[in-house]
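Here the structure comes first, spelled out in structure tokens, and everything after it is commentary.
We count ligands from 1, going down the list as the structure has it; atoms in each ligand are counted the same way.
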Amino acid sequence: MKTGIYGGSFNPVHNGHIHLAETALEEFRLDRIFFVPCRISPHRFDGEYVSGIHRMEMLRLACGDNEKFQISGYELENERTSYSIYTINHFRRKFPDDELYLLVGSDMLMSFEKWYRFEEILKNVTLAVISRNTGDRDILLEKAEKLGQYGRIVIGKTAPLVVSSTEIRKKIAKNENCSCYLDKNVVQYIKSENLYRMPYAPVPDGDIG
Ligand code: ATP
């Protein structure tokens with residue numbers, strides 16, 4: 001079985017994340033993908049960072065009824081720093097016969113050699129990269145070739161969907177409409193739980209989507 005491991009803060013999960021996962025399923029013929037939300041320091045209270053429970057719930061809503069998408073609480077349940085190599089080792093122990101893919105956006109590839117134990121990561125998984133910016137394919141291929149001495153790296157061909165959680169959090173704080181970047185149930189959840197409203201910049205009642 002070909003299994004994708006997809007880590008991130010998912011704060012909140014947006015259409016770019018889902019685009020990455022759907023593209024990886026199709027282009028690399030994966031059988032399933034585990035979304036693995038990371039821990040965010042519980043000391044950050046500033047409204048920009050929401051709890052693991054909220055991020056898990058938004059992932060559950062955004063994944064909908066896609067049976068190939070699953071959500072893992074592994075990193076949220078472990079108090080130590082969420083290094084990817086630990087998560088990969090966990091999935092390796094759980095699914096010893098699977099071919100493991102680590103899914104990342106292209107920004108992560110560009111700084112990949114700064115990741116903790118990156119050589120070991122590349123020994124254990126195929127790194128599957130999906131572009132975040134139009135026209136960056138040549139740069140990505142060049143980078144993949146350099147890192148190729150450590151393991152297998154594959155780059156998707158599908159056009160990117162340019163969006164980030166940072167941009168979305170800023171928009172919500174300003175009460176701007178985000179419905180083109182988010183699943184409609186996620187929009188509803190953010191509204192009903194009143195997430196991402198800056199405590200120091202109250203906004204009048206309004207509509208995010
Ligand atoms: P933030 O703006 O808060 O840093 P983000 O939008 O980059 O968040 P993360 O949850 O940090 O999202 O990203 C998790 C993974 O998803 C990373 O590998 C990242 O490169 C990838 N990713 C995020 N957005 C996109 C996108 N629009 N297209 C492809 N990959 C993406």
Side-chain angles (χ1 to χ4, degrees), residues 4-28 30 33-41 44 46-52 54-63 69-76 81-85 87-88 100-116 118 121-122 125-137 139-140 143-144 147 153-174 176 178 180-183 186-187 190 195-196 198:
I5 303 168
Y6 185 18
S9 44
F10 303 111
N11 183 38
V13 58
H14 54 65
N15 292 346
H17 293 125
I18 301 300
H19 169 77
L20 180 150
E22 284 173 347
T23 303
L25 272 184
E26 198 179 307
E27 287 206 32
F28 311 126
L30 304 186
I33 292 175
F34 285 89
F35 290 73
V36 191
C38 67
R39 281 178 77 85
I40 293 178
S41 167
R44 303 179 105 147
D46 59 9
E48 260 213 86
Y49 297 92
V50 308
S51 72
H54 285 317
R55 290 180 290 123
M56 285 281 270
E57 183 58 18
M58 290 188 281
L59 273 167
R60 199 185 63 71
L61 293 168
C63 289
F69 288 170
Q70 300 187 33
I71 301 157
S72 163
Y74 177 73
E75 293 189 3
L76 290 175
T81 310
S82 313
Y83 289 120
S84 296
I85 188 66
T87 307
I88 291 163
L100 297 180
Y101 284 70
L102 181 68
L103 312 184
V104 293
S106 47
D107 53 323
M108 297 293 155
L109 174 68
M110 296 317 286
S111 55
F112 196 73
E113 69 272 28
K114 298 204 181 86
W115 284 33
Y116 179 60
F118 79 94
I121 294 178
L122 288 173
V125 298
T126 295
L127 187 66
V129 184
I130 301 297
S131 170
R132 291 189 73 165
N133 297 298
T134 311
D136 62 358
R137 191 166 167 80
I139 300 170
L140 299 181
K143 184 76 183 182
L147 284 171
I153 300 168
V154 290
I155 314 276
K157 293 197 177 87
T158 307
L161 200 164
V162 183
V163 57
S164 73
S165 297
T166 304
E167 196 183 328
I168 291 168
R169 289 194 302 270
K170 283 188 185 151
K171 280 184 181 293
I172 297 173
K174 288 190 277 179
E176 288 177 16
C178 289
C180 60
Y181 307 115
L182 300 170
D183 178 276
V186 172
V187 171
I190 290 172
L195 305 181
Y196 305 114
M198 297 294 158

>> Please compare E167, E48, M108, R132 and report which has the shortest non-hydrogen distance to atom 24 (N) of ligand 1.
In response: R132
> Which of the atoms in ligand 1, numbered in the order shown and given with their element, are less than 4.0 Å from a heavy-atom of V104?
Replying inline: 18 (O)
> Which ligand 1 atoms are under 4.0 Å away from a heavy-atom of G7?
Replying inline: 14 (C), 15 (C)
>> Taking distance alone, with N or O pairs closer than 3.5 Å, would you say H19 contacts ligand 1?
In response: no
> So is there a nitrogen or oxygen of G105 less than 3.5 Å from a nitrogen or oxygen in ligand 1?
Replying inline: yes
> To which protein heavy atom is atom 20 (O) of ligand 1 closest, and what is the distance rounded to 0.1 Å?
Replying inline: D107 OD1, 2.6 Å
>> Is there a polar contact between ligand 1 and L20, counting only N or O atoms under 3.5 Å apart?
In response: no
>> Taking only non-hydrogen atoms of N11, do any sit less than 4.0 angstrom from ligand 1?
In response: no
> Less than 4.0 Å between a side-chain N and a carboxylate O, is that true for K143 and E113?
Replying inline: yes
> Under 30°, 30 to 60°, or over 60°: which ring-plane class applies to Y116 and Y83, parallel, tilted or perpendicular?
Replying inline: tilted
> side-chain hydrogen bond (donor to acceptor under 3.5 Å, both in side chains) between N11 and S165: does it pass, once the steps are laid out?
Replying inline: CA-CA 6 Å; N11 183 38; S165 297; over 6 Å; no
> What residue and atom, counting heavy atoms only, is the protein's closest point to atom 13 (O) of ligand 1, and at what distance?
Replying inline: H17 NE2, 3.6 Å
>> Side chain or backbone, does S9 bring an N or O within less than 3.5 Å of an N or O on ligand 1?
In response: yes
> Which residue owns the protein heavy atom closest to atom 3 (O) of ligand 1, what's the atom, and how far is it?
Replying inline: R169 NH1, 3.1 Å
>> Among all the protein's non-hydrogen atoms, which is closest to atom 2 (O) of ligand 1, and how far away is it?
In response: T166 OG1, 2.5 Å
>> Tell me the protein heavy atom at minimum distance from atom 21 (C) of ligand 1, and give that distance in Å.
In response: Y6 OH, 3.6 Å
>> List the residues meeting salt bridge (charged side-chain N to carboxylate O under 4.0 Å, His left out) with E57, not counting sequence neighbours, and say none if there are none.
In response: R60
> Hey, what's the ring geometry for F112 with F118, parallel, tilted or perpendicular (30° and 60° as the breaks)?
Replying inline: perpendicular
>> As an exercise, state the distance from CD1 of I71 to SG of C63, rounded to the nearest 0.5 Å.
In response: 4.5 Å
>> Rounded at 0.5 Å granularity, tell me how far CZ in F34 sits from CG in L103.
In response: 12.0 Å
> Roughly how far, to the nearest 0.5 Å, is the CG atom of L147 from the CD1 atom of I153?
Replying inline: 4.5 Å
> What protein heavy atom is closest to atom 6 (O) of ligand 1, reported as residue, atom name and distance in Å?
Replying inline: S165 N, 2.8 Å
> Does L161 reach ligand 1 with a nitrogen or oxygen that is under 3.5 Å from one of the ligand's nitrogen or oxygen atoms?
Replying inline: yes
>> Please enumerate all residues that pass side-chain contact (heavy atoms from CB on, under 4.5 Å) together with T166, with sequence neighbours excluded.
In response: S164, R169, K170
